[in-house]
Structures are given as structure tokens and as C-alpha cells.
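Computed from a predicted structure; not experimentally measured. Just so you know, ligand 1 is whichever comes first in the structure, and atom 1 is the first atom listed for that ligand.
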Amino acid sequence: MEHRTHNLIAPMPGTARQIHSFHFAPDAAAAGKIYIQASLHADELPGMLVAWHLKQRLGELEAEGRLRREIVLVPIANPAGLEQVLMDTPLGRYELESGENFNRRFVDLSQVVGDAIQGLLTDDPLHNANLVRQHMREALEREVPSTQLQSQRLTLQRLACDAEMVLDLHCDFEAVEHLYTTPQAWPRVEALSRYLGAHASLLATDSGGQSFDECFSLVWWNLQQRFGDRLPLSSFSVTVELRGQHDVSHPLAIADCKAILDYLSHYGAIGGAAEFLPKLLQPATPLAAVEPVTTPAGGLLVFFAVPGDYVEAGTLIAEVIDPITNQVTPVHNIQAGLLYARSLRRMATAGMVIAHVAGREAYRSGYLLSP
Ligand SMILES: [Zn+2]
């Protein structure tokens, strides 16, 4: 295992931070690469504990000569956000200076890489895929960051851009385990959903935010739209939501670590027989079918539904209570589905999203993510 340190731009003198990456070597050269990071939203810590367990196990597997791919692990993807503790409250989702979400606005390489490889493609899909990886690396090397936030994003994107699989470990506020990926990747990701016991698998090609997972999968998608089958989709990404923010425990993390390693064995990245593949808990559904359940009024938020509940259309999800006027506002969902996540806050503001329900029929379009 090799430990590399990547310096970020210091916003001011004496405040330097680094990204630490851990590189586990395969038993054969040129075997491909898998990238796993945790806590890009720095207030989402279950993945960091999973990464720590993975770090121990990957070290053992490397020593046993069982790795069939290079595996790169970044347990703390957002040191800038991790330090945001404001009056005893950890933050870490948005950069304070710009207000930007740490998991948005990664560099879109589609155009620049497409222009660079035009005329260089052959009939060999493997050659073409390697060409894309080389030009992605070169394009990112040419990017010059001017802020700490840009240098953090660029460091992570450089580390992951040439991987064939990217796993980005997040969590929701209060939630059952779920994941986000693309419809094109789903046939390869389904086994991960099974091993993890994910209750929802939400699919979108472009959810509009240039998030970390999509800054890779979208490039390949856009290039394939431009150049056709000579360029197979040679990389896929998954945002894994490891339940809720408070679900940091050894039993959960050990189970999630095992699920990821079982998946990597099933995929062929770890040598040896793969574990029995459990059944899929729920079929994958479109991200555009997710209903953000919102309250029209502010007030005390009292939930009637918990994550993991299947709710029919019109189910009472919560009451929002104004103790001054005695007004009690019931909040119902519009479409049936699995309530997979809900807010941790108990004082709602008017217009706030209080829960998410994974429906079956797509009905939204355009930007599909939270801010
Ligand atoms: Zn997140």
C-alpha cells in the first residue's frame, strides 16, 4: 500500500490542508483501477468508518496477492468541510465562503476530450477507451485551480478520472440504505445493490448538478453519443447512501465493508470465489420518479412515517404544528412508493423538503438533486 499526499491551495497562509490517498497494488501490472472515497459531504460519516475497515481488509488482500485491480481509497474526501463545526454543530455540506455544495460543479470534460480524440479513434474499443483515459488525465492536469474548493475538487477528480469503477460513499439524513447510478450502469451495479441490501436504487443519466459520480459517467455517455459504439461505456460510478448521519457503528460498517468486498470479488477485482448473491430487495426506479415531500407551512415537525415504510399515495407523512395559532398542517405524499429518507430537523421551515419517496413512474425532469 502506498500513501500519497496531495496539497490543496491554502486559502490563506498557515491554513494548508491535504487529501490523503491510499493505493493498493494489484498482483499484475496494467490491471485496471477502482476508486473509492468517503465523506465528500463532510457531515456524512458512515462511509468514513467503512473506508477505515476497507483500508485494513485491502491491506490484507494486497499482502495475500488477491487484488486483481489497483484500488485507490480516499477516506476523507473533504478536509475543508470536515473542519466546519459552528457552535457545536458540524456542517460540511456547503463551502462557507461560496455557499457551493461540495458535491457539485466538478469539471465537465466531455467537449475537450471529445475534440482531442476526434481523428485518433480506431476500430479497437480498448484502444479508444485508453485514449479517453489518457486525455481525461491530460485535460485535468491542464486545469489550474484558483481556490481551495477548486483544488479539492480537482484533486479528487484527477485521482478518479481513469478508474473503471467509482464508488462515492455518502449518507442521507435519516434513511435506509440506497444508491444512485445510471440506467446504463445498472446491469453492473445491481449486484452491489444486492450485497448492500439497498432498499432503493435510483437511476438517472444526468441529474443536472455535475456531481462527482456524474463527472465521470456523463463523459463516457456524451462521448458514446458523439462517436457511437467504437467507444463503449468503460467506466461507471455509484453514489452509495449508507443510511443516515447517525448510523456510525462497527456492526453496520463491517457489514457494508463486507458487502463492498463481496461485490469487488463478484466483479473480478478480488481473486477467490464470490459470496452468494442475495436477492434484490427492490427493483431499480428512475430518479425522476422520486417525490420530494414538502411542507407548505413551517412548524414543529412530527413524523408519522419512518424510512423503510412503503407509503400509498395520500399517506400522512407528518404533521407540522404551529403552537401559536394551533394550526396543524398534515403533509401527505402524492405518489405511492418507498419512503427511503427523511429530514433530521424537527422544526420545519415553509417549503422545506421533509422526506423523499421513491415512486415508480418518472414525473420530474431537469435538475433532480437537492441544492
Ligand atoms: Zn452526500
Side-chain angles (χ1 to χ4, degrees), residues 19 35-52 54 73-86 89-96 98-106 149 152-153 155-157 159-160 166-182 189 192-193 196 198-204 206-218 236-248 252-253 256 259-260 287 290 292 307 339-345 352-356 358 367-371:
I19 298 276
Y35 177 86
I36 304 172
Q37 73 175 21
S39 304
L40 177 57
H41 287 137
D43 52 345
E44 302 174 2
L45 300 174
M48 197 185 290
L49 185 59
V50 172
W52 180 75
L54 278 171
L73 184 67
V74 175
I76 299 177
N78 182 2
L82 197 58
E83 207 177 279
Q84 291 178 352
V85 181
L86 184 67
T89 304
L91 303 173
R93 184 177 182 84
Y94 305 94
E95 195 207 29
L96 294 178
S98 63
E100 288 181 16
N101 188 320
F102 283 107
N103 189 21
R104 303 286 183 271
R105 302 179 68 156
F106 284 86
L149 177 58
Q152 179 169 288
R153 286 182 181 141
T155 299
L156 300 173
Q157 199 168 354
L159 278 165
V166 173
L167 303 182
D168 195 10
L169 307 183
H170 288 246
C171 72
D172 211 298
F173 296 111
E174 266 185 271
V176 289
E177 196 142 347
H178 59 285
L179 59 81
Y180 300 92
T181 190
T182 65
V189 176
L192 177 63
S193 184
L196 286 168
H199 292 255
S201 301
L202 305 166
L203 309 184
D206 182 1
S207 49
Q210 197 60 14
S211 55
F212 187 72
D213 53 355
E214 289 186 359
C215 83
F216 308 111
S217 53
L218 255 185
F236 66 96
S237 310
V238 190
T239 295
V240 183
E241 301 281 345
L242 298 167
R243 307 177 195 82
Q245 287 188 344
H246 292 164
D247 294 319
V248 178
L252 290 175
D256 290 335
I260 290 170
L287 182 59
V290 166
L339 188 147
Y340 63 90
R342 69 181 192 184
S343 178
L344 271 172
R345 289 158 62 179
M352 182 180 126
V353 174
I354 62 166
H356 283 97
Y367 186 82
L368 296 174
L369 302 174
S370 58

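- In this pair, F212 and Y35 present their aromatic rings tilted. The plane angle is within the 30 to 60° band.
- Annotation: protein N, O or S atoms under 2.8 Å of the Zn ion (ligand 1) (waters excluded) comprise H41 ND1, E44 OE1, E44 OE2, H170 ND1.
- The only option from Q37, E44, E241 that meets the side-chain hydrogen bond (donor to acceptor under 3.5 Å, both in side chains) definition with H170 turns out to be E44.
- Contact check on R153 versus E100 returns a salt bridge, with a Lys/Arg side-chain nitrogen under 4.0 Å from an Asp/Glu carboxylate oxygen.
- In this structure, R105 places its CZ atom where only 12 or fewer heavy-atom neighbours from other residues, nucleotides or ligands lie under 6.0 Å away.
- A donor atom on one side chain and an acceptor atom on the other are not found under 3.5 Å apart for S217 and T182.
- In this view, H199 satisfies the ring-ring contact (aromatic ring centres under 6.0 Å, His included) rule with no residue, not counting sequence neighbours.
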